[in-house]
There are 2 protein chains.
Amino acid sequence: MHPQKLEGNPAQPVIRRLNALRPLSEHGAVLLQQAIQEGLHRAGPGEDLVIEGEAVDSVRIILSGWLCRYKTLEDGRRQIVNFILPGDTCDAHLYLLSVMDYSIGTLTSVSYAEIKRSLFEKLVANDRSLAEAFWCETLVSGATQREWTVSIGRRVALERVAHLLCEIQERLHQVGLVDDGSCAFPVTQIDLADATGLSVVHVNRTLQELRNSRLIVLRDRMLTINDLSALQDLALFSPDYLRTKRRG
Amino acid sequence: MHPQKLEGNPAQPVIRRLNALRPLSEHGAVLLQQAIQEGLHRAGPGEDLVIEGEAVDSVRIILSGWLCRYKTLEDGRRQIVNFILPGDTCDAHLYLLSVMDYSIGTLTSVSYAEIKRSLFEKLVANDRSLAEAFWCETLVSGATQREWTVSIGRRVALERVAHLLCEIQERLHQVGLVDDGSCAFPVTQIDLADATGLSVVHVNRTLQELRNSRLIVLRDRMLTINDLSALQDLALFSPDYLRTKRRG
DNA sequence: CAATCGCCTTAACATACGTAAAGTCGGAAA
DNA sequence: TTTCCGACTTTACGTATGTTAAGGCGATTG
């Protein structure tokens, strides 16, 4: 599947992402694109696509827009455990479990493809490269979750916020959504607080500090990282966990 | 595979655990036991079986003993991201990625089976129930990682420590290693601190508080939970994420 | 037997971060 | 236009948790 064939194709970020994890066969890419075309959906901002405790019977592939996975405690405390970005697949295999252990909410309006479990299983049965790519995605998402555990457990606020910004820009970069250090960043400080385990006030303080040291510009839902390597050093960020090289 | 066939069999906890995730075929259970018999190993306490940044080419199934997955930051800060208990499989599919994003260290002496990637792939290719069981294990471990993120991000110290104790006893219970509310607990307070994102001193304070309220007894590497439902309430613990029901 | 070591415990003190509250600002709605 | 609302910002203050330091105690070692 060559890049030039993908221009203007809504499946572009997905193919690009999966290809990076595990090169797709021509056949697999075609199958996947068909399945995506047939399952197109949209949702507005602030909607829940999946609710904790319910069963799901399909896989969703995000074509554009941002979402997050989150869990809530009985008393309302909320923790975002992951951001879901264009090209990401939600829950590629989670229908194997009986119920979801988290909710998925949209942060922006999103377009996505919903693929029924039966069709998804046919896809991965028919093309090994697809099956492996989806599994790699699940594994990388696990590695990301571990890194979040480290971040929240051991990084101080400044490092933690910086780390999250680095991660997001690295991931967007992989699907071609970073332009000269700038990318969309439609995350409110409330969301940022719920993602980092901090309070909103402290997230605000921390962002001010990053702004004052000229490391970032964050305004009008746009993030610009002025000095990526300085920010990465500050955050103790290494992109390895997000960059899976193909392996024999 | 009936329980009575497993008495004194080192593979018992593994079969038991996988069976709960996805009932194994007789054929699959036999294949697995053979593979385990042929790959038996031991390690002492305080050893690293896997080191962050290195490649692995095999899967390890823990038969007895405790381990943990951990990551370290450049300056030495360390975060345990998971405990690995008897019956658990390490990294069932992680050889798909090029390098490990974490280390695995032993907390006690352990016995385990090491299965080479090539053999493991034959196993799962030959028996669908095995393949699905291992994938379910990976998914449950992902759900656990998310719960840890919530715990560290949003639970206060007392809840957090209590939650960890509940999780561990639930998991040990599933493989038959809890006897009347008591189980082994070979985790130092240093480890506990690295797992909860707290300092050792504060872990100590927190344990004192749990002891003083008569919820637990923790002494000589043995943990007894006196009032499980009180502890679970305190921790906002729900075992759902660890209890995967089979699904059609 | 003394010496050492790892782990646990406690105390005193420091601080990163949370909470509460109020004000600003821009965009959407009426 | 006016009103409203959500998000951002800032201040003042409180506290959960971290840091440093020291002592105890059992197990191991020489």
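So you know, we letter chains A, B, ... as the sequences are listed, proteins then strands, and number each from 1.
- Closest approach to the Ser199(A) side chain among dT17(D), dT19(C), dT9(D) is made by dT19(C) (side chain taken as heavy atoms from C-beta onward).
- To the nearest 0.5 angstrom, Glu209(B) atom CD is 12.0 Å from Asn204(B) atom CG.
- Using a 4.0 Å heavy-atom criterion, one finds that Gly197(A) contacts the sugar-phosphate atoms exclusively.
- Taking atom CG of residue Leu198(B) and atom P of nucleotide dT19(D), one finds them 11 Å apart after rounding to whole Å.
- In this model, no donor atom of one side chain and acceptor atom of the other lie less than 3.5 Å apart for Glu47(B) and Thr106(B).
- Taking atom CG of residue Leu158(B) and atom C1' of nucleotide dT17(D), one finds them 13 Å apart after rounding to whole Å.
- At the heavy-atom level, Thr188(A) lies under 4.0 Å from the strands shown only through sugar-phosphate atoms.
- Proximity of Arg160(B) to the phosphate of dA16(D): no side-chain N or O atom is located under 4.0 Å from OP1 or OP2.
- Summarising the geometry, the separation between CG on Leu207(B) and P on dT10(C) is reported as 11 Å, rounded to the nearest angstrom.
- Residue contacts for Arg211(A): at a heavy-atom cut-off of 4.0 Å it reaches the sugar-phosphate backbone alone, with no base atom in range.
- Across all strands shown, Arg219(B) has no heavy atoms under 4.0 Å from either base or sugar-phosphate atoms.
- Positionally, the nearest nucleotide of DNA chain D for Arg221(A) lies more toward the 5' end than for the other of Arg221(A) and Arg205(B).
- Whole-Å rounding puts the His202(B) NE2 to dC8(C) P distance at 17 Å.
- Across every non-hydrogen atom of Gln174(B) and Arg16(B), the tightest pair is O-NE, 3.4 Å.
- In terms of phosphate contacts, Asn204(B) brings a side-chain nitrogen or oxygen within less than 4.0 Å of OP1 or OP2 of dT9(C).
- Cation-pi check for Arg78(B) over Tyr70(B) is met; the charged atom lies under 6.0 angstrom from the ring centroid and within 45 degrees of its normal.
- At whole-Å resolution of the value, CD in Gln208(A) and C1' in dA7(D) are 13 Å apart.
- Here dC17(C) presents its C1' atom at 12 Å from CZ of Arg154(B), a figure rounded to the nearest Å.
- Straight-line distance from the CG atom of Leu218(B) to the C1' atom of dT9(C): 14 Å, rounded to whole Å.
- For the residue pair Gly65(A) and Ile62(A), the shortest heavy atom distance occurs at O-CG2, 3.8 Å.
- Between Val201(A) and Arg155(A), the residue whose closest nucleotide on DNA chain C is further toward the 5' end is Arg155(A).
- Between the CD1 atom of Ile190(A) and the P atom of dC5(D) there is a distance of 15 Å, given to the nearest Å.
- Here Val156(B) lies in heavy-atom contact (under 4.0 Å) with sugar-phosphate atoms only.
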